[in-house]
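Not measured: the values here are computed from a predicted model. By convention in this document, chain letters (A, B, ...) are assigned in the order of the sequence lines, proteins followed by strands, and residues within each chain are numbered from 1.
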Amino acid sequence: MANEAAHAADAHPADAHADEHYHPQWSTYWKVAVVLTLITVVEVWIYYIPSFVASKLFVPSLLIMSAVKFAIVVMFYMHLKYDHKLFRALFTGPLLIAIGTLFGLLFLFGKLAIRLGLGAG
Amino acid sequence: MATMAAPISATSAETSSPSGIWSWLTTVDHKRIGILYLVTAVFFFCWGGLEALVIRTQLIGPNMKIVNAEQYNQLFTMHGTTMVFLVIMPLSSAFFNFLIPLQIGARDVAFPRLNAFSYWVFLFGGIVITLPILFGLAPNGGWFGYAPITTMAYSSGYNIDYWVLGLQILGVASLAAAFNFITTIINMRAPGMHLMRMPIFTWMSFVVQFLVILAFPVITVALVFLMFDRFFGTNFYTIAAGADPLLWQHLFWIFGHPEVYILILPAFGLVSEVLPTFSKKPLFGYPVMVYSGMLIGFLGFGVWAHHMFSVGMGPVADSVFSLTTMLIAIPTGVKILNWVSTMWGGNIRFTTSMMFGIALVAMFTVGGISGIMHSSSPADLQQTDSYFVVAHFHYVLFGGAVFGIMAGVYYYFPKMTGRMMSETIGKWHFWVFFIAMNLTFFPMHFAGLYGMPRRIYTYDAGQGWETFNVMSTAGAYLQAVGMLLFLYNFITSWRSGPKAGNNPWGAPTLEWALPSPVPDYNFAHIPTITSRYPLWDQKAEELVKSESETTIDGRLKTAKELGIPMPFPTIRPLIAALLMCTMICSVLFIHAGNLPLALTIGIASFLGLTFTLVSWLTSALE
Amino acid sequence: MASAAIPDPHHAADAHSHPPTTTGLNHRKIAVWAFIGSECMLFVSLISTYLIYKGRSIAGPYPHEWWCRATNTIGKTAAELGTCAPAETFKPILNIPVTSASTFVLLMSSLAMVLALAAVENADKPKPTGTWENILRSSKTWLWVTAILGTTFLGFQAYEFTSFVHEGLTIRTNLFGSSFFTLTGFHGAHVTVGVLWLLALLGIDYKRGLKPADALNVDIAALYWHFVDVVWIAIFTLLYLIQ
């Protein structure tokens, strides 16, 4: 991850105008807000459908929806989509390590398991 | 090769930054802050060493009664905590501070006042954690402070409180410094100082800062849980409430293993500066050194549970963590091979610095090999919690980190102080340290394999441990002699050592183009870098245009005369650090049952801190 | 953090002043992104602990289940508890409608925050004609809206915490209480810092007006604010919605 950061930093040496990135404006912002609101509505909605809550799709669909919300806010509101790629590296590197740690811990504490079909796992 | 060039005579180096205690309390100069770190850490080194001497005296023979079990617990806890958090980390910080801006061609770090804040927070945190031993109240739960034994149910005294609060405070210092150095290295490199031209020390420091910002939040959270358990009655580590006894262990080692690399990588960096200089050869496989450092840092986040093979995580987890641990041996082994290849066929000069550097390569390899033995979980089950492990980590931390830092101290002392250290005493120091270290720690391998457990305050005769313990204790006293030699050398050389030129070693990197000691503004003109080893490829005068920085009488110009804006000295970082510490420590009064006093001190400190921060942020930097 | 006294590196162009930064980026923005990266590990540690301890409390109340204290039985509905005195019956703690509302409030605060930044960036442009365009151009309006929405979120959290305590869940009650209050409390503390930060920006705005030159200061505050929002997106799903 330091690697990515490092290369990103070198990509635009002494580019004094790199900071004056393109910022999306109102037209983008309100659409993003609408999408975020809609996803949130869907999330809460499915929470109140008992048959869906009981199905195997419930947890994955919630995780996907919140991941999409997460990504949208980071890309548009935190304008990582338009900003210098160094910032992308500074954020995604640690985020990946953090998510890896989360999964590692959940496996270690038996909250997640891989069924190997051998009775193990 | 413009090796011995000294265009500016050493006499001119007295550019006379203001002296006196006030100037040190208010300094924001990264070089002075580096020296503060160095001196403070050397003090704590002696302190932690004295604790080790008492430990070794107690263990010299069976059934000794110099200290009792409780005192022994405090001693080994404080020895570990001191050496990790108050000695090796700040010694590395001393070099981060002093060297990073010089090596990348910057005038200071990105946030000079934040840098001063980091030092003062470190100092106060160190005091909080160290002082209680004078009153017999020192932390006594080991440097890893395993909960639940550190919860109120099992440790109701104040001892653990000092440890918890002290570590929180030290964490703030490390994090603030890490953000500062990351920004500095990314953003303050001189023109032409591409990442792949950066000196390896700066590279390793860069990796370490990422380890700090990713590892310290985890210990912060683990400590917050422990704090809440102790002060507010939460249940994070209360087994009776269903808590998992492994939670602390996992969180601690998610921090703890990257911490090991936080301790060793800076020393690797220093040695990677020392070996090429004294072999008169460029570092062998520079890019591989960079990538292996990054790989060590990255893999360091995936191996934490190898500290916990004995807790019964199951065959799958044990196998995974065994494998990732074995993987780390690859980039580490690559580094060892590259150092050896650097020296191979080189024109080696055996200075004290070089000897410590070579000793690191050898001693770290010994510790590394016993480390690979631990990576195999069945073998580790035999070795864990025995003196074999004590031997292992002292080989990597003393033979590795401390030897690397000693190489760095002898190497950079001229740049820091403008004077040379005595090579004669230095060589005595080296040989005494080298022999003493092996005498102390090598027998521990055997004591451990004969079954001697760690952290026992005494033992019965007839278990085959006596000889090894006598050897270890003798070695420890010999180390004290070595340390006295070092201190004598350090102090007398600082006062009256021979003057050093700009580049007494004929070193290749940028910092050696500057006068010794370095003027407060570092570079009168920001140099343009064209190679990895600028001083071997061009003349120092061309690089830093030094003739224009001196006045007619040969004195170095001041920053004012050169028109370089310098940050103002300010006392605010010190006050902010002090108030932050009193704020955090106010919870001690909750333990004492005096909630109003805790709230009064806490809120007063918070308001004072806010006021100081506002005044800090609204005052001009320069 | 939002001080106008901190010199802008872009102005430092003459030879004897500060050299331009290597990447052309601002120091503080790099530091803030590194800080946000570090905060990922902080919140992941807290969230992991909550998830690890989920379902391990040996006594209620529980987040999504009914609990009878007298018999220590757990049920999906009150009926599943069997006969249980009302004083011994504890309903599921988490209040999804209220938290959905507060989640929406925080999402909208992020919208207000980007509009505040856009207003500051465009502060020098000629005055627009329409009323709505003028509102869009007012950084004070949007900073106030952000701060008020943030405070509203904190109000929801205060309501949530007090009602939980009334329903029998404190930070000491069980593992759920300890890990829940600590995680959401940490998040709330971050929101509080964000609100104070916004108020400091408003102070500068009233004192001398925020200009495009201040956009970086607002941008940095905004990055922090959105990150806190993003953490809540994760918390809302992982704590509240997944049962």
Side-chain angles (χ1 to χ4, degrees), chain B residues 104-107 110-111 114 175 178-180 182-191 193 209-210 212-222 224-225 228-229 232-236 238 240-244 247 250-251 254 525-526 562-565 610 613-614 616-622, chain C residues 1-7 9 12 14-49 52-53 55-59 170-179 181-183 185-186 196 200 204:
Chain B
I104 62 174
R107 289 203 175 122
F111 309 103
L114 184 66
L175 282 168
F179 297 127
N180 208 342
I182 286 176
T183 312
T184 305
I185 294 173
I186 290 178
N187 227 16
M188 294 183 78
R189 281 169 288 132
M193 180 59 83
Q209 307 314 321
F210 280 98
V212 168
I213 67 165
L214 295 177
F216 269 79
V218 186
I219 186 79
T220 303
V221 167
V224 163
F225 292 163
F228 281 14
D229 270 13
F232 309 125
T234 53
N235 300 311
F236 290 103
T238 314
D244 197 308
L247 179 69
H250 278 295
L251 292 179
I254 290 173
H525 299 268
I526 300 298
L562 287 163
I564 299 170
T610 314
L613 284 178
V614 168
W616 171 345
L617 292 166
T618 51
S619 63
L621 174 65
E622 53 196 20
Chain C
M1 278 158 266
S3 161
I6 298 170
D14 60 305
H16 278 305
S17 191
H18 290 287
T21 63
T22 315
T23 56
L25 304 169
N26 177 275
H27 287 340
R28 276 175 297 147
K29 196 163 168 183
I30 293 177
V32 160
W33 271 111
F35 173 73
I36 288 175
S38 175
E39 291 268 277
C40 288
M41 282 304 270
L42 184 95
F43 279 105
V44 151
S45 309
L46 290 162
I47 292 172
S48 305
T49 304
I52 287 165
Y53 278 168
R56 291 186 61 142
S57 300
I58 54 167
T170 71
I171 197 168
R172 300 175 177 208
T173 310
N174 55 15
L175 290 178
F176 164 57
S178 295
S179 53
F181 282 112
T182 306
L183 168 54
F186 253 85
L196 294 175
I204 299 173

Looking at T184(B), V224(B), T183(B), N180(B), which one has more heavy-atom pairs under 4.5 Å with chain C than the rest?
-> T183(B)
Under 4.5 Å to a heavy atom of chain B? For F181(C) that would be neither
Name the member of N235(B), V221(B), N187(B) that forms the most heavy-atom pairs with chain C at distances under 4.5 Å.
-> N187(B)
Okay, A106(B) and chain C: the region with an atom under 4.5 Å from a heavy atom over there is neither
With only heavy atoms counted, which part of F232(B) is less than 4.5 Å from chain C, the side chain, the backbone, both or neither?
-> backbone
What part of F236(B) is in contact with chain C, defined as an atom under 4.5 angstrom from a non-hydrogen atom: side chain, backbone, both or neither?
-> both
Side chain, backbone, both or neither: which part of I171(C) has a non-hydrogen atom closer than 4.5 Å to chain B?
-> both
Looking only at side chains, do T182(C) and S179(C) share a donor and an acceptor under 3.5 Å apart?
-> no
Residues that A243(B) engages under side-chain contact (heavy atoms from CB on, under 4.5 Å), provided they are two or more places apart = Y53(C), L175(C)
Enter the distance from F35(C):CZ to C40(C):SG here, rounded to the nearest 0.5 Å.
-> 10.5 Å
Rounded to the nearest 0.5 angstrom, the CD1-OG distance for I182(B) and S38(C) is 8.5 Å
When you measure from the side chain of S57(C) to the backbone N and O of F176(C), does any donor-acceptor pair fall under 3.5 Å?
-> yes
Chain C contact via L613(B) - side chain, backbone, both or neither, heavy atoms under 4.5 Å = neither
Select one option (side chain, backbone, both, neither) describing which atoms of V614(B) are under 4.5 Å from chain C's heavy atoms.
-> neither
Whatever's closer than 4.5 Å to a heavy atom in chain B on T170(C) counts as neither
Could you give the distance from CG (L25(C)) to CD1 (I186(B)), rounded to the nearest 0.5 Å?
-> 8.5 Å
So which heavy atom on I526(B) is nearest to which on P191(B), and how close?
-> CG2-CD, 3.7 Å
